[in-house]
Each structure stands twice: as structure tokens, then as C-alpha cells.
Participant: 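Structure below; questions to follow.
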There are 2 protein chains.
Amino acid sequence: MTFSEENYLKTIYHLTSVSDADISTNAIAEKMETKASSVTDMLKKLSEKDLVNYVKYQGVSLTDKGKLAAKMIVRKHRLWECFLVEKLDFSWDEVHDIAEQLEHIKSEKLINKLDDFLGNPTEDPHGDPIPDANGRIIKVEKELLSEFEKNQIGICVGVKDTSSDFLKYLDKQEIALGSQIEIIEKESFDSSFRIRVGTKEITISNKIASNIYIK
Amino acid sequence: MTFSEENYLKTIYHLTSVSDADISTNAIAEKMETKASSVTDMLKKLSEKDLVNYVKYQGVSLTDKGKLAAKMIVRKHRLWECFLVEKLDFSWDEVHDIAEQLEHIKSEKLINKLDDFLGNPTEDPHGDPIPDANGRIIKVEKELLSEFEKNQIGICVGVKDTSSDFLKYLDKQEIALGSQIEIIEKESFDSSFRIRVGTKEITISNKIASNIYIK
DNA sequence: AATTAAATTTAGACAAAGCTAAAAATTATA
DNA sequence: TATAATTTTTAGCTTTGTCTAAATTTAATT
Ligand SMILES: [Mn+2]
Ligand SMILES: [Mn+2]
Ligand SMILES: [Mn+2]
Ligand SMILES: [Mn+2]
């Protein structure tokens, strides 16, 4: 399997996890910053290899084989992110791009040994679940901070947007995985929030609140 | 720089370290298990990028820029081999192929942090030197066991052949880096050796002896 | 020095993965 | 429902890295 094929599978997998319905050519093209015509070419190839169910003009979905392959790539990506943060002391906003490369290293033995070396983590540095060697995922209940109401208290357990910019913003506000967050006020006009993080009180926009997962 | 370009540079670098003279197209083709015509194409491209000095029909050598690039790839290869052996508990005969993939990961920060994490090793699991971040190499004096004479004693500090087969043979004979080796007898007929490794006495062929480095 | 052999390069082809522009199918709208 | 807009596919071209077969250059041998 080529890097490119792996990247398409991963993208389809991620798009599937939000929409459930078949994925459109354009959706893939947009997410991968490529052209629809290139996507069509690749879908034919992946279909030929029984990794996706593809019907012309009707969108695409992963086969069982394709889904497992995608999960294994996600597993590698997230385990390498753990390694970078926990062993090499990278910050959580620096690891994604490097993991994008490392996820394509081919060696089952390597990834399983890495998994053990890291103590078989179930979540990556952004709170996303890590599939095990069989593709099984432990799903954790979590809600967006934006869905919370006044006086509710929760723990930050993940982020929806994992861009470096957003993560750096959270660092600045001292919001990290494990931080306790209390809703002091919810402004009805713009749905912004007044929250308490640790000892500090801050105001965050609704856009920020809808990218933080709370439990 | 593409994977392929990096592999050519590395190959030229390794061939240079044994012969010193300009490297022939055929020598590169043989080592890379590719065709001479493919090599010619690539040499033109590398020359265009000032990574090699290439004169048609006259062979090729690395420029300073090319040599530094090659050393950085070797640095990554050997540091990853250390990681695999020391942290993930791979044996020395399993790591080369995985390192062939890992050496192409692009991130200076990653490799320097990995270097620190490993305690800045100067040698890889096969006794080969690891260039530092500036490309400097600490050369260690070493001689082939085959050059040794009766009654001499030395320590195994490296291997010339790093194939899995040879390394497994050494494992079987309980020869490892750091093993003390004493020449008991050198057979004049076939230049084979009777040696003592630790408490055991064994006989090895000249071919074996000329792939073990001793200090 | 002439001829033969070996090494090297060139020419032309191919697969992978991308692109643009045009055609076709689907969906939305008047 | 007919037309317009959007989405998707096809056709044809490009780059990278490879190959085979033919041509050229260099080296070796009579
Ligand atoms: Mn990531
Ligand atoms: Mn992540
Ligand atoms: Mn190696
Ligand atoms: Mn090595």
C-alpha cells in the first residue's frame, strides 16, 4: 500500500466518523487539498483493491478490509504522537505533522513494541482514542463545552480542532487535558462563556467552546 | 529531497568510504539493485542540485553539500537503530530494514531530541559511528579479526557484514559487541581461526573472521 | 593501431499520482 | 418539467523514477 493510498483511506475514515452517510468525492478532495479528478482516480484504485465500496457518482464507503487498514494507520499516528510527547518531550501542538510521516512506517512488530513501550495508552495527546492491534477502540463519552450550561463542571478530555494555532491558544489559557472547567456564565447574545479554569476566570468565544471536549 | 534521492546519496557515501576514488555508475546500480540507466538519470538530477560532482562516463563523487546530506541520513539511520535495540528491545539483526524506512522521516528537531533521549550515543548496535548534528564522526581504530595473529587478544567492536544471517550466526556463537576474543590458533592452510570467546573455544572460517572488527 | 569487449548514456516506454479543461450525470430551481 | 447550477467523471498532459533496447564512449586485447 502506498503512502497516498493510506492517506486516502485515513481521510475517508475520518469523514465517515462525522457524517455516517457515504462520502462524496468533493468532501475528500477538500479535506486532502487536492482536486476532485485526482480523488476519482484513487477511488477506482482503492475499489479495485476491495478497500472501498465505490459507485460512480454515488460516493464511497470503506469495506471491512479498508476500515481495518484505516484504523491501523490511525493507531500508528496516535501512538507516535504519544511517543513524541511522552518520551521526546514535544508539546501537543508540534506532533501532528511528524506523526503524519511516521504513520506510514511499515512494521507490525515495531508498532506493537512501541505500544508496549508506551504502556498501551488508550488515548493520544489530544484525547483521541488509540485503536488496539485488532482495531478495537474504547469510546469515551464526551460532550462539547459549548453544550454545557451555567454552573456545570467538567474535565477537559479532548479537543476537536487539533491545529497548532488552537492548541497554542489553549496553552496560553492554561487549558490542558485534565483541566477542570466550570461554567460561570453563558452569554445568551453571542453564546460566549465565562469559565473558571483552575483558579483563573476567563472568557471564551463559542467557537472556542465548541472545540473543547468535556466529561 | 525525495526518498530515492536520499537513497542514492547514501549509497554513494557508503561506496566512497571503501574505495576513495570516483564511484562508477555500475557500482551504484549493483548496490541498489537497479539498472545503470536509472542511475545515470538520477546522477544528472543530483548533479543539477549540486549534491554530486558528475562527469559523463567518468564516475561521480559527493560535493560537500551532498556529503553532509548523506551523513544526516546515516545519522538518522543509526540513531533509529539504537532506539529500536535499546528502547524497544529489538535484536541487532532486526533493525536495519525498519531503519531504512525511519531514516527518511524529515524533522531535525525529532532526530536531535531522539539523540538526546538515547544519551547521545556515538555508535549504533553494529559498532558503526553515528555522525553528530554537524556531521562530525568519531572514528574508532579497529582491525578485522582476520588480520590478527596467534595469541593476540581483542574486543569485538563492530561487524563489517550487517546482514541478518551473519548477525544471527554471531548470536549463535555468542559473539557480541564487547565480547573478548583470543586467537588460539591460525590455520595456515585455509586461514581459519581457533578462537576463545568468553569461556568457549570455537573454530571460525576466514570469511567470518574478515567480517568482525576487533580493537 | 585496429578490433573487440565492457561500461555508460540516450531514446523511448510505462506506472503512479497529480493537474486542467471538457464532458456527463446529478441536483436544485424557476 | 425544463433549465440552470453543481458535482463528478473522463481525457489528455506532466513529473518522478523506473525499465529495455540501441547507441556511444572508454577500456582491453590482439
Ligand atoms: Mn494528529
Ligand atoms: Mn492526535
Ligand atoms: Mn543499518
Ligand atoms: Mn547499523
Side-chain angles (χ1 to χ4, degrees), chain A residues 1-13 15-16 18-62 66 69-70 73 100-101 103-106, chain B residues 1-13 15-16 18-62 66 69-70 73 100-101 103-106:
Chain A
M1 188 133 52
T2 65
F3 284 22
S4 191
E5 289 173 332
E6 292 188 339
N7 285 333
Y8 275 94
L9 284 184
K10 197 180 48 155
T11 299
I12 297 167
Y13 177 77
L15 289 170
T16 301
V18 294
S19 88
D20 217 33
D22 278 11
I23 308 302
S24 74
T25 302
N26 264 6
I28 298 168
E30 193 177 354
K31 189 133 193 179
M32 299 191 70
E33 298 183 67
T34 184
K35 301 292 160 171
S37 55
S38 306
V39 175
T40 301
D41 285 346
M42 182 56 85
L43 293 183
K44 282 183 198 161
K45 199 206 288 192
L46 294 176
S47 176
E48 202 56 48
K49 294 189 176 186
D50 272 316
L51 293 162
V52 301
N53 307 114
Y54 169 58
V55 183
K56 258 199 205 181
Y57 292 103
Q58 303 304 305
V60 74
S61 64
L62 293 172
I73 301 160
E100 287 288 301
Q101 298 180 62
E103 72 189 5
H104 300 294
I105 301 294
K106 270 118 190 137
Chain B
M1 187 130 54
T2 66
F3 283 22
S4 191
E5 288 173 331
E6 292 189 339
N7 284 333
Y8 274 95
L9 283 185
K10 198 181 47 156
T11 299
I12 297 168
Y13 176 77
L15 289 171
T16 302
V18 293
S19 87
D20 218 32
D22 278 12
I23 308 302
S24 75
T25 301
N26 263 6
I28 298 168
E30 193 177 353
K31 190 131 192 183
M32 299 191 70
E33 296 181 69
T34 184
K35 301 293 162 168
S37 54
S38 307
V39 175
T40 301
D41 285 345
M42 182 57 85
L43 293 184
K44 282 182 196 160
K45 198 206 287 194
L46 294 176
S47 177
E48 202 56 50
K49 293 189 176 186
D50 273 316
L51 292 162
V52 300
N53 306 115
Y54 170 57
V55 183
K56 259 199 199 180
Y57 292 104
Q58 303 303 307
V60 72
S61 65
L62 293 172
I73 301 160
E100 287 287 302
Q101 299 181 63
E103 72 189 4
H104 300 293
I105 301 294
K106 269 119 190 135

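Lettering of chains follows the sequences in order, A, B, ..., and the numbering in each one begins at 1.
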Participant: For A:Q101 and B:K106, work out which heavy atoms get closest and say how close.
Facilitator: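 Looking at all heavy atoms of both residues, the closest pair is OE1-N, 2.6 Å.
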Participant: Regarding B:T40, tell me which of base, sugar-phosphate or nothing describes its non-hydrogen contacts under 4.0 Å with the strands shown.
Facilitator: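 Answer is base: heavy atoms of B:T40 come under 4.0 Å of a base.
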Participant: Provide, to the nearest angstrom, the distance between the CG atom belonging to B:D41 and the P atom belonging to D:dT20.
Facilitator: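 Value for this atom pair: 13 Å.
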Participant: Among B:I28, B:T25, B:D22, which one satisfies side chain to side chain contact (heavy atoms under 4.5 Å, CB included) with B:V60?
Facilitator: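 When side chain to side chain contact (heavy atoms under 4.5 Å, CB included) is applied between B:V60 and each of B:I28, B:T25, B:D22, only B:I28 qualifies.
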Participant: Rounded to whole Å, please give me the gap between NZ in B:K44 and P in D:dT15.
Facilitator: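 Result: 16 Å.
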Participant: For C:dA16, take OP1 and OP2 only and decide whether either is under 4.0 Å from a side-chain N or O of A:S4.
Facilitator: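 Checking A:S4 against C:dA16: no side-chain N or O falls below 4.0 Å of OP1 or OP2.
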Participant: Could you tell me the separation between the CD atom of B:E5 and the C1' atom of D:dT15, rounded to a whole number of Å?
Facilitator: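 For the pair B:E5 CD and D:dT15 C1', the rounded distance is 12 Å.
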Participant: Please state how far atom CZ in B:F3 lies from atom C1' in D:dT18, giving the value in whole angstrom units.
Facilitator: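 Distance check: B:F3 CZ to D:dT18 C1' gives 17 Å.
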Participant: Taking DNA chain D as the partner, which of residues 25-38 of chain A come within under 4.0 angstrom of it by heavy atom?
Facilitator: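 The stretch gives A:T25, A:N26, A:A36, A:S37 as the residues lying under 4.0 Å from the strand, ordered by number.
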Participant: What nucleotide, of D:dT26, D:dT18, C:dA25, holds the atom closest to the side chain of B:Q58?
Facilitator: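 Selected nucleotide (nearest to the side chain): D:dT26.
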Participant: Any side-chain heavy-atom pair from A:E103 and A:N7 closer than 4.5 angstrom?
Facilitator: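 Answer yes - side chains close enough.
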Participant: Rounded to the nearest 0.5 Å, what separates atom CD1 in B:I73 from atom OH in B:Y13?
Facilitator: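 Reported to 0.5 Å precision, the distance equals 11.0 Å.
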Participant: May I ask you to list the residues of residues 47-54 of chain B, by number, that have any heavy atom positioned under 4.0 Å from an atom of DNA chain C?
Facilitator: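 Within this stretch, B:Y54 sit under 4.0 Å of the strand.
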Participant: Locate the shortest heavy-atom distance separating B:L9 from B:A70; write the atom from each residue and the value.
Facilitator: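 Looks like O-CB, 3.9 Å.
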Participant: Using a 4.5 Å cut-off on heavy atoms from C-beta on, say whether the side chain of A:K56 contacts that of A:T40.
Facilitator: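 No, too far: nothing below the 4.5 Å cut-off.
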Participant: What's the CG-C1' distance between A:L43 and C:dG18, to the nearest Å?
Facilitator: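 Going from CG in A:L43 over to C1' in C:dG18 covers 14 Å.
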Participant: Do the ring planes of A:F3 and B:F3 sit parallel (below 30°), tilted (30 to 60°) or perpendicular (above 60°)?
Facilitator: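 Judged by the thresholds at 30° and 60°, the geometry between A:F3 and B:F3 is perpendicular.
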Participant: With sequence neighbours left out, what residues match A:N26 under side chain to side chain contact (heavy atoms under 4.5 Å, CB included)?
Facilitator: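 With neighbours one apart ignored, the set is A:S24, A:A36.
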Participant: Please report the distance, rounded to the nearest Å, between CG in A:L46 and P in C:dA16.
Facilitator: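 Computing the A:L46:CG to C:dA16:P distance gives 12 Å.
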Participant: I want to check one thing: is the phosphate of D:dT24, taken as OP1 and OP2, less than 4.0 Å away from some side-chain N or O of B:K56?
Facilitator: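 Looking at the OP1 and OP2 atoms of D:dT24, neither is under 4.0 Å from any side-chain N or O of B:K56.
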Participant: Tell me which nucleotide among D:dT26, C:dG18, D:dT9 gets nearest to the side chain of B:Y57.
Facilitator: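 Between D:dT26, C:dG18, D:dT9, the one nearest the side chain of B:Y57 would be D:dT26.
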Participant: Would you name the heavy atoms of B:I23 and B:A27 that are closest together and state the gap between them?
Facilitator: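 Smallest heavy-atom distance, with atoms named: CG2-CB, 4.2 Å.
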